[in-house]
Amino acid sequence: MPDMLPISFVLNGRQVHLTVAVNAVAADVLRDACRQTSVRVSCDQSVCGVCTVLADGFPIASCTTLAFDLDGKQITTLEGLSDREALHPIQEAFRERAAFQCGFCTAGMILSTKALLAARPAPSREEIREWLSANVCRCTGYNMIIEAVQLAAAKLSAARKD
Amino acid sequence: MDGSRPRVMALQRHDAVEKITGAARYTFDVELPGMAHGKILRSPHAHARIVRIDASRAESMPGVLAVVTGRDIAALPERTYGVFMRDQPVICTDKVRYIGDSVAAVAAVDEETAYAALAAIDVHYEVLQPVASIDAALAAGAPLLFEEPQPYVPLHVGAGSTATPEPRPNVMFEYTYTAGDIEQAFARCDHVFEDSFEVGRLHHFYLEPYVTVARVGGERIEVWTCNQDPFVIRNDIARIFGKPEHLISVHSSYIGGGFGGKSFCKTEPLNVLLAMKAGRPVRLCFSLDECLLTLTKHPARIRLKTGVMRDGKLVARQTRAEVNGGAYADAGCMVAVKIGYRINGPYRWDAVDSACAAVRTNVVPAGSFRGFGGTQASYASESQIDLIARRLRIDPIELRKRNLLEVGQPFLPGDSGIDSDLARGLDTVVHALGYYTRQREPGRGMGFAIGIKDGGGTGYHAQAVVKVTPTGRAIVMAGVTEIGQGASSVMPQIAARILDIPDDWAMLAPVTTDHTPLNAGTHVSVATTMLGKAVENAARNVREDILKFAAAELAADQRALELRDGAIWKGNESFPLEMLVRRHFGGAGYEFVARGYYRQPYDEGAPLRAKAPFWLPSWVGAEVAVDEETGAIAVLQLVVCADSGHTINLAGGRGQTEGGAMQALGMTLFEDLVYDGVMPVNARPMSYRTVLARDMPQHFEAIVEEHGLGPGPFGAKGIGEGGMLGIGAAIANAVHDATGARVTTLPLTPERVLAAIDVARKASASGGL
């Protein structure tokens, strides 16, 4: 039996207290214990980006992050982006540009976009392509995703001006 | 009726909100009470006899619920699966045939325990000599993967075609096609050119791993699967376990990518067996590593002997092709058929003669993959067309135009006529690249290709049901799975247009074999056209039923009534359907339910035994820059054009074309599941290099045209595979244009480009071409 460890972190704005095994993986804890079903594991080797969540605003591969590394951090999953009333502007942009097909990469793609737009509010096409190279998409060919990110940047910029 | 409501050409999809909020449910998400976890022990040997399996330590481990080996399938009514050629066992019995083959399976309380149990299973192998390549497999005296003929369901073909199972040792299947007198045709040609082409091994790299859940209780078997073909799965489970279909339920969810890699039977029977033995539901989820060693696209070797006149008229083509089918057939027989047939391309011929053999080797099985032989065939055919043009010093665009099939002309004798304006699509990409107008720069080149395949299946038939609720909403029951292609939008959109309601008043019901009408599977770009017609017919029938009811209720002439936005209109007066329904039926109301059906009939005069419902061309223009010191290719511009006939969903049409193009871009430039003999070299996500956002060409555009000639609803036809077909040859042709060097093997790695440049330099030094 592995040793157990208490951890405490903020998940989508709410404090979470858990006891986890020392070798527990962040993706499993978020998905199972915290019921964040948008967190899914694909490659399990931190190369595909499907399992991306934000830790203090920065993208991490939750499949190769140990759960205890969540301790003390602000964690954001896709569930944390929209409230019951409205979609986040990035989600709106992805919807308007139909920037998805099968949807399996979408959670990671949207969260990576959120981090990108926080770091680069007006990214060039080149910057978007480089940043999102951390997220594999097998369906779209990326073009419509890049258009959605550009639209999201415009929406967020307009919101800031209001 | 249709036409009164303007078509919505925005990028809208019915699955949008679920997918962008994370609420979408995939088979990956299915969780049942008491669910256990399955894992598979895989063969470390490419070819070996299983002498003995000792699973006693594993079976007695705490938390292990069941261990399944070949012994457990011995008493089943049937033990194998595959498409026509059923040579793949539910789990290995006497032999293993490739590194990764399934030797034993465990169900345990969690994945960690299951993995530990695998390590506790002792297998004693007698290693056999493997065959790693097509040539090794075909060599005299080569070791055989199968000593006995395998179960085979006849694959019927039509006029000019032959289909032969296991014609020679280590050949699982061979297809031939002839039309006209090839020797006579060659004899009158001014030139006969012989060229060979090779295509590597592409993996689907869908992001949702292959995952199934099985539950067996009482009389019923239930399976949740990410498979694209729920009714095929039901059939296979019924056949293998000897159970009747009405007690087998197969449930589909959104699928996280398929591309053909989730077509046809895979792990479902094994999962059922685990659940039976464990006495609990079992989830069997692969790692992506395991997926890489489950199924790939067929590597191919295609030799073309093509006779032409000096003015560029194509006369005769003889094709000899082999595909590397790997250890088991899967859909290999059909792929061999499609390569042997599609290799002739969108051109008029006086005579053709092709043969394609699917060869057995001790590597990962190959099967269905978007394009389905059409990708490999288009690469070879469109590369050679370009070579021929250059040798005859005719512009490659001109040469194509002189030979292109026209609308209505049969692809080959007895088949349906072409239903796209092939010259028009070519002009689109030529114009988009500025081929005739832009200045040429050194180190840069342009290339074009017209890939083509038949679409809509062979003798396909489709069934659908549409039901309309009291308030006029439509629920479409049609067995297409949503793999990302947008079928869950297109099917309801078709019904919405016929019923004259807003798009979002209609939805596609979850697909489950108990409720959904039978469907042959989500492939060959079939859904929009064939299933779409069935949905259209069902919607027309239910509309008729509603108007008949309304006419009786309103004591009016049915011909004077219209149905629009869930209301009956009689001139300027409108009566909400809900009001009429509640008045007549009371209680919980009433739903109008009607069926629709559509089929493409069999036709012995057609080469594939049914005319193709439609044709799927893929026009591609590529501009590249080649670094002649490193061999690196930069794709500067890529324009892909497809013909939707009539676009029902713009997001789907554009998205599918762009997505297919990028998959093919990877296949063309670098993506390859490499083998060193029988040992896979890069069968891990970390080392299988797939296409990333930074790999996109600087300028990349998909143009979806509407030539209006499709047989589907409103003139539509399928488009899902079009993006892929022409990419490889267009880029290879562009590289040739830039450097004078011809690379005949995909992927066009820098090493291959440099070697070809070397050959070209030596040839031009000695005056040849």
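In what follows, chains are A, B, ... by sequence order, proteins preceding strands, each numbered from 1.
For chain A, no part of Ala661(B) is nearby; none of its heavy atoms comes within less than 4.5 Å. Residue Leu81(A): no heavy atom, backbone or side chain, is found under 4.5 Å from chain B. For Ile145(A), no part lies near chain B; criterion is any non-hydrogen pair under 4.5 Å. The contact between Leu87(A) and chain B is made entirely by side chain atoms (from C-beta outward), counting heavy-atom distances below 4.5 Å. For chain B, the nearby parts of Val136(A) are the backbone and the side chain; heavy atoms of each come within less than 4.5 Å. Within the 4.5 angstrom heavy-atom criterion, only side-chain atoms of Phe259(B), from C-beta onward, approach chain A.
Remark: Leu30(A) CG to Phe9(A) CZ distance equals 5.5 Å, nearest 0.5 Å. To the nearest 0.5 Å, atom CG of residue Leu665(B) and atom CG of residue Leu669(B) are 4.5 Å apart. Rounding to the nearest 0.5 angstrom, the gap separating the CG atom in Leu207(B) from the SG atom in Cys48(A) is 6.0 Å. Here CZ of Phe100(A) is found 10.5 Å from SG of Cys139(A). Values are rounded to the nearest 0.5 Å. For the atom pair CG of Leu202(B) and CG of Asp672(B), the computed distance is 8.5 Å after rounding to the nearest 0.5 Å.
For the pair Leu54(A)/Ile60(A), no side-chain contact is recorded, criterion being any heavy-atom separation below 4.5 Å from C-beta on. Taking 4.5 Å as the limit, some side-chain heavy atom of Leu32(B) sits within range of a side-chain heavy atom of Trp224(B).
Interface check for chain A: of the options Ile20(B), Val691(B), Val17(B), the most heavy-atom pairs under 4.5 Å are formed by Ile20(B). If you tally non-hydrogen atom pairs under 4.5 Å between each of Leu132(A), Val50(A), Val47(A), Val39(A) and chain B, the highest count goes to Val47(A). For the options Cys137(A), Gly103(A), Cys105(A), Gly49(A), heavy-atom pairs under 4.5 Å to chain B are most numerous at Gly103(A).
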Item to check | Pair Val16(A)-Val10(A), side chain to side chain contact (heavy atoms under 4.5 Å, CB included): steps then yes or no | outcome: CA-CA 6 Å; Val16(A) 171; Val10(A) 177; over 6 Å; no
Next on the checklist: Between Leu156(A) and Ile90(A), does the side chain to side chain contact (heavy atoms under 4.5 Å, CB included) criterion hold? Intermediate values first, please.
Outcome noted: CA-CA 8 Å; Leu156(A) 287 174; Ile90(A) 297 175; 4.3 Å; yes
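Shown here for Gly371(B) and Leu725(B), the closest heavy-atom pair between the two residues is CA-CD2, 4.0 Å.
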Donor-acceptor pairs, chain B vs chain A, cutoff 3.5 Å:
residue	atom	partner	partner atom	Å
Arg13(B)	NH2	Gln101(A)	O	3.3
Lys19(B)	NZ	Gln101(A)	O	2.7
Lys19(B)	NZ	Cys102(A)	O	3.3
Ile20(B)	O	Gln91(A)	NE2	2.7
Ala24(B)	O	Arg40(A)	NH2	2.8
Tyr26(B)	OH	Cys102(A)	O	2.7
Tyr26(B)	OH	Gly103(A)	O	3.3
Tyr26(B)	OH	Phe104(A)	N	3.4
Asp29(B)	OD1	Arg31(A)	NH1	3.3
Asp29(B)	OD1	Arg31(A)	NH2	2.6
Asp29(B)	OD1	Arg40(A)	NE	3.0
Asp29(B)	OD2	Arg40(A)	NE	3.2
Asp29(B)	OD2	Arg40(A)	NH2	3.0
His203(B)	O	Arg138(A)	NH2	2.8
His204(B)	O	Arg138(A)	NE	2.8
Leu207(B)	O	Ser42(A)	OG	2.5
Asp289(B)	OD1	Gln45(A)	NE2	2.8
Asp289(B)	OD2	Gln45(A)	NE2	3.1
Arg654(B)	NH1	Glu147(A)	OE1	3.2
Arg654(B)	NH2	Glu147(A)	OE1	3.4
Arg654(B)	NH2	Glu147(A)	OE2	2.8
Gly655(B)	O	Gln101(A)	NE2	2.9
Gln656(B)	NE2	Gln101(A)	OE1	2.8
Glu658(B)	OE2	Asn143(A)	ND2	3.3
Glu671(B)	OE1	Arg138(A)	NH1	3.3
Glu671(B)	OE2	Arg138(A)	NH2	2.6
Met686(B)	N	Gln45(A)	OE1	3.0
Thr690(B)	OG1	Arg138(A)	NH1	3.2
Val691(B)	O	Tyr142(A)	OH	2.6
Arg694(B)	N	Ser133(A)	OG	3.0
Arg694(B)	O	Arg129(A)	NH2	3.1
Arg694(B)	NE	Glu130(A)	OE1	3.3
Arg694(B)	NE	Glu130(A)	OE2	3.2
Arg694(B)	NH2	Glu130(A)	OE1	3.2
Met696(B)	O	Arg129(A)	NH2	3.0
Phe700(B)	O	Asn143(A)	ND2	3.0

